[in-house]
Amino acid sequence: MKIKRSTVVLLTIALSLPLLTAFADWNNWGEEMWPRRKKAPIPQQIRTHDNEGGYELIISFTPGRRHNHPLMAFWMEDVDGNYIRSLYVAESIAKGYFRHVDGSSGHWEPGPLRRPAALPYWGHKRGVKAPDEYYIPTPDDPMPDAVTGPTPKAGFILTTRTGPQTPDVFVVAMEINQSWDWNQHWHNNKYPNDPNYKTSSQPAVVYKVTIDIRNPLVEYTLKPVGHSHWAGADGKLYDGLNTLTTALEIAKEVKVNLQIR
């Protein structure tokens, strides 16, 4: 009995389909069980205070799963909480000039903008009051380029220096804030008449670690110690990290290495 070639082709396809389906299912199962690892982006290198004396600090910032272009500042203070110097400040705050201010033309235009709720704890520590009574720099009185830079898109390594006359014991601090990160406690209607609050949502989180150069460790880890005022009205450190959710997931890990040689 002769079998037509077209019949053989159809029979082959019919027999192959279950095998192809099974292979596809096995491949998808394999992807779920052993997903392909994405290559982590290379951390951006940032340098501030080059050749300014003191000890070298290498700060490694690993972003968390809620990291989305936050504003941040790093600085040093003594054990009594007195401000010593800024180590790095996001350019938008340091210059008082943001890249996305006016969207009336259909696309965002840069321009000056006041954001007192962004990093108020650092701003009050620094202690420079602007003519509008806010403790943040202005375009007319910006911070020097030596300590500023654009907000990194992901992880970064900041290499900086403590400066001359570094005390034996000092604190490295970070304040970080991301707009529009509402949660059940810090919701849009919590302070409906305060426009500064609405630019911050969950308040900025403050991280700190104490370093003793007389007995240095190989590595230090910054830990959250509180949050700033939700609208930037003062420079106090507030308890109540239990009210924060995604704000604590902006940074996954922040470590400091002290180079004393």
Side-chain angles (χ1 to χ4, degrees), residues 46 48-49 59 69-101 110-151 158 160 162-163 170-181 186 190-191 193-209 222 224-241 243-244 247 250-251 254:
I46 303 174
T48 63
H49 294 305
I59 301 174
H69 301 87
L71 294 171
M72 65 183 75
F74 288 87
W75 72 95
M76 287 172 55
E77 58 186 49
D78 64 23
V79 292
D80 295 320
N82 299 306
Y83 173 88
I84 296 177
R85 62 159 32 186
S86 291
L87 301 173
Y88 165 80
V89 184
E91 190 174 58
S92 299
I93 286 292
K95 305 295 184 182
Y97 196 86
F98 286 70
R99 295 183 181 182
H100 302 90
V101 175
L113 182 66
R114 309 302 282 149
R115 291 285 302 279
L119 304 173
Y121 187 71
W122 161 80
H124 282 79
K125 286 276 185 180
R126 180 170 170 261
V128 180
K129 184 189 289 188
D132 59 6
E133 302 295 314
Y134 293 144
Y135 285 85
I136 47 177
T138 68
D140 295 329
D141 188 21
M143 297 188 70
D145 293 338
V147 75
T148 69
T151 299
L158 168 64
T160 186
T162 61
F170 61 90
V171 174
V172 174
M174 176 188 77
E175 185 175 21
I176 189 167
N177 193 351
Q178 188 165 287
S179 298
W180 321 123
D181 58 345
W186 303 99
K190 190 175 181 67
Y191 301 106
N193 298 319
D194 193 332
N196 290 330
Y197 164 70
K198 292 189 176 184
T199 66
S200 176
S201 309
Q202 291 179 67
V205 186
V206 177
Y207 291 69
K208 292 188 180 185
V209 68
L222 275 76
V225 295
H227 67 76
S228 311
H229 190 278
W230 46 93
D234 59 48
K236 297 177 182 178
L237 183 64
Y238 290 81
D239 295 328
L241 290 175
T243 67
L244 304 182
I250 303 171
V254 188

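A quick note: this is a predicted structure, and the numbers were derived from the prediction, not measured.
Minimum interatomic distance between Arg114 and Pro137 (heavy atoms only, all atoms of both residues): NH1-O, 2.7 Å. For the residue pair Gly235 and Tyr121, the shortest heavy atom distance occurs at O-CD1, 3.2 Å.
Under the salt bridge (charged side-chain N to carboxylate O under 4.0 Å, His left out) criterion, Lys198 pairs with no residue, sequence neighbours left out.
A donor-acceptor pair is defined here as one N or O able to donate and one able to accept, closer than 3.5 Å; such a pair exists between the side chain of Asn177 and the backbone of Ala118. Within the 3.5 Å criterion, the main-chain N or O of Met143 finds a donor-acceptor partner in the side chain of Lys95. Remark: the backbone N or O of Tyr238 is not paired with any side-chain donor or acceptor of His229 at under 3.5 angstrom.
Considering only heavy atoms from C-beta on, Tyr88 comes within 4.5 Å of Met72 through its side chain. Contact of the Ile136 side chain with the Leu119 side chain is not registered, since no non-hydrogen atoms from C-beta on lie closer than 4.5 Å. Counting heavy atoms from C-beta on, the side chains of Ile93 and Phe98 come closer than 4.5 Å.
When each of Leu237, Leu244, Val206, Asp239 is checked for a side chain to side chain contact (heavy atoms under 4.5 Å, CB included) with His227, only Leu244 meets the rule.
When only modelled atom types and interatomic distance are considered, Arg115 and Ser179 share a side-chain donor-acceptor pair under 3.5 Å. There is no side-chain donor-acceptor pair under 3.5 Å between Trp230 and Ser200. Between the side chains of Thr160 and Thr48, a donor-acceptor pair is found at a separation under 3.5 Å.
The aromatic rings of Tyr191 and Tyr197 stand perpendicular to each other, their planes meeting at an angle above 60°, with 30° marking the opposite boundary.
Heavy atoms of other residues, nucleotides or ligands lying less than 6.0 angstrom from NZ of Lys190 number more than 12.
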